[in-house]
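Right, one structure below, let's go through it.
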2 protein chains.
Amino acid sequence: MRPDTDPQIRHLHLFRDMAQAHFADLMTASYVQAFPPGLEMIRQGDPADFLHIVLEGSVELVGQWAGRECTMAVVRPVSTFILAACIRDAPYLMTARTLERTRIVLVPASDLRAMFRRDAEFAVAVINELAACYRSVVRNAKSMKLRNSRERVASYLLRQSMLAGGVPTYTLAVEKRLLASYLGMTPENLSRTLKSLEADGVKIDGARVIITDRTRLTALVQPDKLIDGPDPVADSTGSGLPLTYG
Amino acid sequence: MRPDTDPQIRHLHLFRDMAQAHFADLMTASYVQAFPPGLEMIRQGDPADFLHIVLEGSVELVGQWAGRECTMAVVRPVSTFILAACIRDAPYLMTARTLERTRIVLVPASDLRAMFRRDAEFAVAVINELAACYRSVVRNAKSMKLRNSRERVASYLLRQSMLAGGVPTYTLAVEKRLLASYLGMTPENLSRTLKSLEADGVKIDGARVIITDRTRLTALVQPDKLIDGPDPVADSTGSGLPLTYG
DNA sequence: CGAGCGGTTGAGGCATGTCAAGAGTTGTGG
DNA sequence: CCACAACTCTTGACATGCCTCAACCGCTCG
């Protein structure tokens, strides 16, 4: 592994507390790889051989069944994904596809599994990471089951504004098509919903989001810590859709 | 803690591999409590003070928002719940309510958190448990987003048959009202859907499920390991709805 | 017995998906 | 540099899945 990539990875909560020698061991067993945009780097069902760490670019995690598919998450630098599959030495549950040119660190799953038996601090970090990831998916599931599509869109828009520091205007980080899939609806429906939300305090101009009446929007969304976070997920970078997916 | 309850707990994957002395420490700090049916033992948002272990009875985990609620899981003996909240020392994401008279072991969260720093085997067990729980929720989320309500009902019915050993007939373990909520639909709709499924190989007579044409039902469901399990969740007892919820 | 509750059934309405067409944008190759 | 293809996004018309409301049955339990 090229040592210049180490520092960013070392700062992740997952690796922050482990012994330097152990971290080095993991890194020498790993390697960096670059993928072109739109490439399917993992197919769901494949055996989980590597923990993936996104250094640059972005990766979409999608679930597939019976010819249908839906976006489960978007992973952005610097964070990890499919930790749980590696730990259980089980098949990936989601397909991973690059959204743009992406650089990834691949850490062999077997080394990973051996490491948390050697390094107690690392084991604790893995525990915390997994617990955070678990809670993140539960919140997601709650959102899907308790809110209708309009409420999900509104809460997404408001949350992104908060993540950006409470700004009144920002630009969407993902294509609307993808966002629709993530929110569990069709692109056509998202388009219509976005327009209808102008009556509730958000205006959309292309990829630009302008919050025109925060009070009104907040009233509609009824933000809830037990759905919309926090639980500052381990290596959150404040970007993207959810935060980290194990 | 009464020592007669120890063996069942000790057999859980979560506690199986830890040192006996450490297990004893955890148990002496814990205590058993019995709850009447329909009691709300945990309210979502409360601080997570105790890991819960169901010894007898059953517990419903529900998510709530804006006056609505939905069943996220049903926990049956012997298994644990809300492990993740305890580990992160964060508020419970779900409300827990007994479905019948239920005996619960309460393990102080602080002891738990201290213990996986002392006992490496326990730490590994927690890692495995959390990873399994995580994957379980992801599968659940995939099911909700990729299948329509009819497909979810059919897959549930078929899966329960498989869990019971591939039997052609069995009785539902939960009320239909609750099942509807778990599957993300209204009771009325579940009722209609169940009737309509007679054309696809399952007949329902009260709480009795009779699979009349397994081939046909299987064709409809298109069972998928990446949605319907396995990943033999840690302390699965082969009963109830999902299996274990962290 | 009567109240309460779970389950079923029907009628009607809203939300969401489907299909189709067109505008705008991006990327590519001649 | 332009032409073209491919793609996203939007909009409209239409179909349908799912929910709501209401009534009724049967069961359980005080």
Side-chain angles (χ1 to χ4, degrees), chain A residues 36-39 60 65-71 74 97-101 143-154 156-157 171-200 202-209 220, chain B residues 36-38 60 65-71 74 97 99-101 143-154 156-157 171-200 202-209 220:
Chain A
L39 190 103
E60 178 189 13
W65 180 77
R68 303 171 207 168
E69 69 171 55
C70 69
T71 302
V74 170
R97 185 188 300 143
T98 54
L99 289 173
E100 49 193 317
R101 184 177 178 283
S143 180
M144 288 299 301
K145 291 183 82 169
L146 289 167
R147 306 212 253 228
N148 62 30
S149 66
R150 193 159 196 276
E151 291 160 342
R152 291 198 299 276
V153 173
Y156 176 83
L157 293 178
T171 75
L172 293 173
V174 296
E175 285 181 351
K176 287 179 185 163
R177 170 178 217 66
L178 187 152
L179 180 57
S181 176
Y182 175 67
L183 295 175
M185 57 201 296
T186 60
E188 295 95 324
N189 229 316
L190 174 61
S191 188
R192 279 185 265 265
T193 302
L194 286 175
K195 177 173 265 190
S196 88
L197 281 173
E198 288 189 14
D200 284 276
V202 238
K203 185 154 181 356
I204 276 74
D205 173 35
R208 191 136 207 85
V209 180
L220 170 65
Chain B
E60 178 189 14
W65 180 77
R68 305 170 207 167
E69 69 172 55
C70 70
T71 301
V74 170
R97 184 188 300 143
L99 289 172
E100 51 194 317
R101 185 179 177 282
S143 181
M144 289 299 302
K145 291 183 83 170
L146 289 167
R147 305 212 253 228
N148 62 29
S149 68
R150 192 161 197 274
E151 292 160 342
R152 291 199 299 275
V153 173
Y156 177 83
L157 294 177
T171 76
L172 293 173
V174 296
E175 285 181 351
K176 288 179 186 165
R177 167 178 273 305
L178 187 151
L179 181 56
S181 176
Y182 174 67
L183 295 174
M185 56 201 296
T186 60
E188 295 95 322
N189 227 316
L190 174 61
S191 188
R192 280 185 266 264
T193 302
L194 286 174
K195 175 172 266 190
S196 87
L197 282 174
E198 288 189 14
D200 284 277
V202 238
K203 187 159 182 350
I204 275 73
D205 174 34
R208 191 135 206 85
V209 179
L220 171 65

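Labels below follow one simple rule: chain letters A, B, ... track the order of the sequence lines, proteins then strands, and each chain is numbered from 1.
Taking atom CZ of residue A:Arg150 and atom C1' of nucleotide C:dC14, one finds them 13 Å apart after rounding to whole Å. When rounded to the nearest whole Å, the span between CD of A:Glu100 and C1' of C:dG27 equals 17 Å. Protein atom CG of A:Leu183 is 14 Å distant from nucleotide atom C1' of C:dT16, rounded to whole Å. Counting to the nearest Å, the C1' atom of D:dC19 and the CG atom of B:Asn148 are 15 Å from each other. At whole-Å resolution of the value, CD1 in B:Ile204 and C1' in C:dG6 are 16 Å apart. Residue B:Glu151 contributes atom CD, which lies 14 Å from atom C1' of D:dC18 at whole-angstrom precision. As rounded to whole Å, 10 Å separates atom C1' of C:dT16 from atom CZ of A:Arg152. Straight-line distance from the CZ atom of A:Arg147 to the P atom of C:dT16: 14 Å, rounded to whole Å.
When all heavy atoms are compared, the tightest approach of A:Cys70 to B:Lys145 is SG-CB, 3.6 Å.
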Listed pairs, N/O of protein and of nucleotides 26-30 of chain D, under 3.5 Å:
none

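Closest to the side chain of B:Thr186, out of D:dC18, D:dC19, C:dG6, is D:dC19. Among C:dG17, C:dG6, D:dC9, the nucleotide with an atom closest to any side-chain atom of A:Arg177 is D:dC9.
Within the nucleic acid shown, A:Gly184 comes within 4.0 Å of sugar-phosphate atoms alone, with no base atom in reach, counting heavy atoms only.
Rounding to the nearest 0.5 Å places CG of B:Leu197 at 10.5 Å from CD of B:Glu151. Of the inter-residue distances, the one linking B:Leu99 atom CG with B:Thr71 atom OG1 reads 8.0 Å to the nearest 0.5 angstrom. Note that the CG atom of A:Leu183 and the CE atom of A:Met144 stand 8.0 Å from one another [nearest 0.5 Å]. Put simply, OH on A:Tyr182 and CG on A:Leu190 are 13.5 Å apart, with the number rounded to the nearest 0.5 Å. Distance CG/B:Asn148 to OG1/B:Thr193: 9.0 Å, rounded to 0.5 Å.
Contact check of residues 187-197 of chain A against DNA chain D (heavy atom, cut-off under 4.0 Å) returns A:Glu188, A:Ser191, A:Arg192, A:Lys195.
Within the 3.5 Å criterion, the main-chain N or O of A:Ala207 finds no donor-acceptor partner in the side chain of A:Thr171. Between the side chain of A:Lys176 and the main chain of A:Gly206, a donor-acceptor pair closer than 3.5 Å is present.
The shortest distance between the side-chain N/O atoms of A:Ser149 and the OP1/OP2 oxygens of C:dT16 is below 4.0 Å.
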From CA spacing to verdict: side-chain contact (heavy atoms from CB on, under 4.5 Å), A:Leu172, A:Tyr156
CA-CA 10 Å; A:Leu172 293 173; A:Tyr156 176 83; 4.3 Å; yes
